[in-house]
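Okay, so here's the structure we're looking at.
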Amino acid sequence: MSAFDAVELIRRKRSGAELTSDQIDWLIPAYTRGEVADEQMSAMAMAIFFRGMADSELSTWTTAMINTGERLDFSGLSRPTADKHSTGGVGDKITLPLAPLVAACGVAVPQLSGRGLGHTGGTLDKLESIPGWRASLTNDEMMRQLEDVGAVICAAGSGLAPADKKLYALRDVTGTVEAIPLIASSIMSKKIAEGTDSLVLDVKVGVGAFMQTLDQARELASRMVALGKAAGVTTVALLTDMDTPLGRAAGNAVEVAESVEVLAGGGPTDVVDLTLALAREMVQSAGVDVDPADKLADGSAMDVWRRMIRAQGGDPEAALPQARHQEVVLADQSGVLTRLDAMAVGLAAWRLGAGRARKEDPVQTGAGVMMHAKPGDAVTAGQPLFTLLTDTPETFDRAKQALEGGWTIEASGSFEGRPLVIERIS
């Protein structure tokens, strides 16, 4: 006979009361083992969605999720470790140039990444467009690569916070994805179990982000920073803008190409600026006194990128896949582009095949959207605004529907958007 009753715990949380540490320490492993049914945990997730969680509850909940699996230990490495997590956006390829850049500064970067779902892209999906590259590594392979190369981007093993894998899938089909305590515990259970010395959180805010208001983003960032610090991980969060897509490419192979441009000393200014801002936070958190801009300029970061890709079976010199079909969307008037909606671009890329509706769906490596103008740029009627890329041309119409109303051109307008890095929380 179990120590607690799931229905009684649901009623308790539904009424607004806090769950005790003992109750949480029973509930999470019991659910992971299948002793608490999905429909019961669905009800609990909805109760948390409406009633929230106190800080002490959230800390216990997160620790209980960590304790359902293994913890990695990087203490044997010859350099300090730092990691970054982004809450997801459109055109957010920052991990790709960031990991080798920080490694070039002398900090080991074990970047355990995920796949895209819906309008937000997945780091592993992008990298799998590189011929031969593989996402799955054993823990031993990851440790050797961190020591030899300094950076690894790979899939998280099934041993890290298995409770999160079950609960994440449940939230996705029960309308509770947006519950801030559940987002915070999902992210931080995996990141704390990962075992890095320091963590930098990139919390996106805007129309293309899960957190669409500054208040939501601040709450999520503050709660994750508190969880990290309580677990002994040096943690800082940057709130960054996601009203407008990052860079000029949204997709998979097209974002890899743009990331390589950044590592080669070029690329869009916003991608370079955010990469450097996050790199400086990671290097500083790890206690290393190196300016990442120097390592980007002297080619060191590009050298690490090539070694990192080769170490995982990829060919960094190979041609990237290209979509078989393309269609251009033209500007309908002249003036200044004053708005480019990140959600509209993300949905268009998704419909073209760059994303997936379900975790098991395949993605097209060459699909996506290229943006030929960004807010603040002058445009002329009839000039290309977007190039749509896909292997399935029947998706062009739905992609163009997603873009309808997704941009504004003003005859004499000016662009005064908020800064790329809005706020720092530590």
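- When side chains are defined from C-beta on, Q312 does not count as touching I130, because their heavy atoms never get closer than 4.5 Å.
- Counting only distance, with no hydrogens or angles, the side chain of Q111 and the backbone of V152 share no donor-acceptor pair below 3.5 Å.
- The side-chain hydrogen bond (donor to acceptor under 3.5 Å, both in side chains) search around T392 returns Q364, T390, not counting sequence neighbours.
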Mind listing the side-chain donor-acceptor pairs of residues 227-239 below 3.5 Å, one per line with the distance, residues two or more places apart or on another chain?
residue: T235; atom: OG1; partner: V233; partner atom: O; Å: 2.8

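- Partners of E18 under the salt bridge (Lys or Arg N to Asp or Glu O under 4.0 Å) rule, at least two apart in sequence or in another chain, do not exist in this structure.
- Using a 4.0 Å cut-off between charged nitrogen and carboxylate oxygen, R218 and E423 count as a salt-bridge pair.
- The stretch residues 260-277 participates, sequence neighbours left out, in these salt bridge (charged side-chain N to carboxylate O under 4.0 Å, His left out) pairs: D270-K374.
- Counted within 6.0 Å of NZ on K165, heavy atoms from surrounding residues, nucleotides or ligands total 12 or fewer; the atom is thus considered open.
- Within the 3.5 Å criterion, the main-chain N or O of T60 finds no donor-acceptor partner in the side chain of T63.
- Side-chain atoms of E255 come within 3.5 Å of backbone atoms of G251 as a donor-acceptor pair (strictly under, hydrogens ignored).
- Between P110 and L72 the shortest side-chain heavy-atom distance does not fall below 4.5 Å.
- Not counting sequence neighbours, E219 has no partner by the salt bridge (Lys or Arg N to Asp or Glu O under 4.0 Å) test.
- Using modelled atom types, one finds a donor on one side chain and an acceptor on the other under 3.5 Å when comparing S186 with D164.
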Practice task
Assess whether salt bridge (charged side-chain N to carboxylate O under 4.0 Å, His left out) is satisfied between K93 and E258, documenting all intermediate values.
Solution key: CA-CA 8 Å; K93 72 277 298 173; E258 193 166 80; 2.6 Å; yes

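- In terms of modelled atom types and a separation under 3.5 Å, the side chain of Q23 and the main chain of T20 share a donor-acceptor contact.
- Looking at L246 and V90, their side chains never come closer than 4.5 Å, going by heavy atoms from C-beta outward.
- Inter-residue side-chain proximity for L98 and M282 is flagged as met; some heavy-atom pair is nearer than 4.5 Å.
- Judged as a side-chain hydrogen bond (donor to acceptor under 3.5 Å, both in side chains), and not counting sequence neighbours, the contacts of S86 are D92.
- Within 6.0 Å of atom CD in Q322, 12 or fewer heavy atoms from other residues, nucleotides or ligands are found, so the atom counts as exposed in its surroundings.
- Remark: the Q216 side chain and the E178 side chain contain no N/O donor-acceptor pair separated by less than 3.5 Å.
- Contact annotation: the side chain of L201 approaches that of M188 to within less than 4.5 Å [non-hydrogen atoms, C-beta and beyond].
- With sequence neighbours left out, R398 forms a salt bridge (Lys or Arg N to Asp or Glu O under 4.0 Å) with no residue at all.
- Note on residues 340-354: pairs passing salt bridge (charged side-chain N to carboxylate O under 4.0 Å, His left out), not counting sequence neighbours, are R339-D341.
- Residue pairs meeting the salt bridge (charged side-chain N to carboxylate O under 4.0 Å, His left out) criterion with at least one partner in residues 302-315, sequence neighbours excluded, are D303-R306, R306-E317, R310-E317.
- Side-chain contact between M44 and R14 is absent, with no heavy atoms from C-beta onward closer than 4.5 Å.
- Taking the ring-ring contact (aromatic ring centres under 6.0 Å, His included) definition, one finds that F386 meets it with W407, sequence neighbours left out.
- Remark: the D215 side chain and the T213 side chain contain no N/O donor-acceptor pair separated by less than 3.5 Å.
- The distance from the CD1 atom of I187 to the OH atom of Y168 is 8.5 Å, given to the nearest 0.5 Å.
- For D197 (side chain) and T81 (main-chain N/O), a donor-acceptor pair under 3.5 Å exists by modelled atom type.
- Checked by atom type and distance alone, the side chain of Q212 never pairs as donor or acceptor with a backbone atom of V205 at under 3.5 Å.
- For the pair P181 and W61, the minimum side-chain heavy-atom distance is 4.5 Å or more.
- For the pair F4 and I24, the minimum side-chain heavy-atom distance is 4.5 Å or more.
- A distance of 12.5 Å separates CD in Q284 from SG in C105, rounded to the nearest 0.5 Å.
- Contacts classified as salt bridge (charged side-chain N to carboxylate O under 4.0 Å, His left out) and involving residues 75-87 (residues at least two apart or in different chains) are given here: D83-K191.
- Every residue was checked against the salt bridge (Lys or Arg N to Asp or Glu O under 4.0 Å) condition with D73, not counting sequence neighbours, and none meets it.
- Relative to the six-membered ring of F210, K204 misses at least one condition, a distance below 6.0 Å or an angle of at most 45° to the axis.
- For E141 (side chain) and T138 (main-chain N/O), a donor-acceptor pair under 3.5 Å exists by modelled atom type.
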Handout entry: Evaluation steps, salt bridge (charged side-chain N to carboxylate O under 4.0 Å, His left out), between E8 and K13
Key = CA-CA 9 Å; E8 181 54 38; K13 175 47 67 178; over 6 Å; no

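- In this structure, R33 contributes its side chain and E35 its backbone to no donor-acceptor pair below 3.5 Å.
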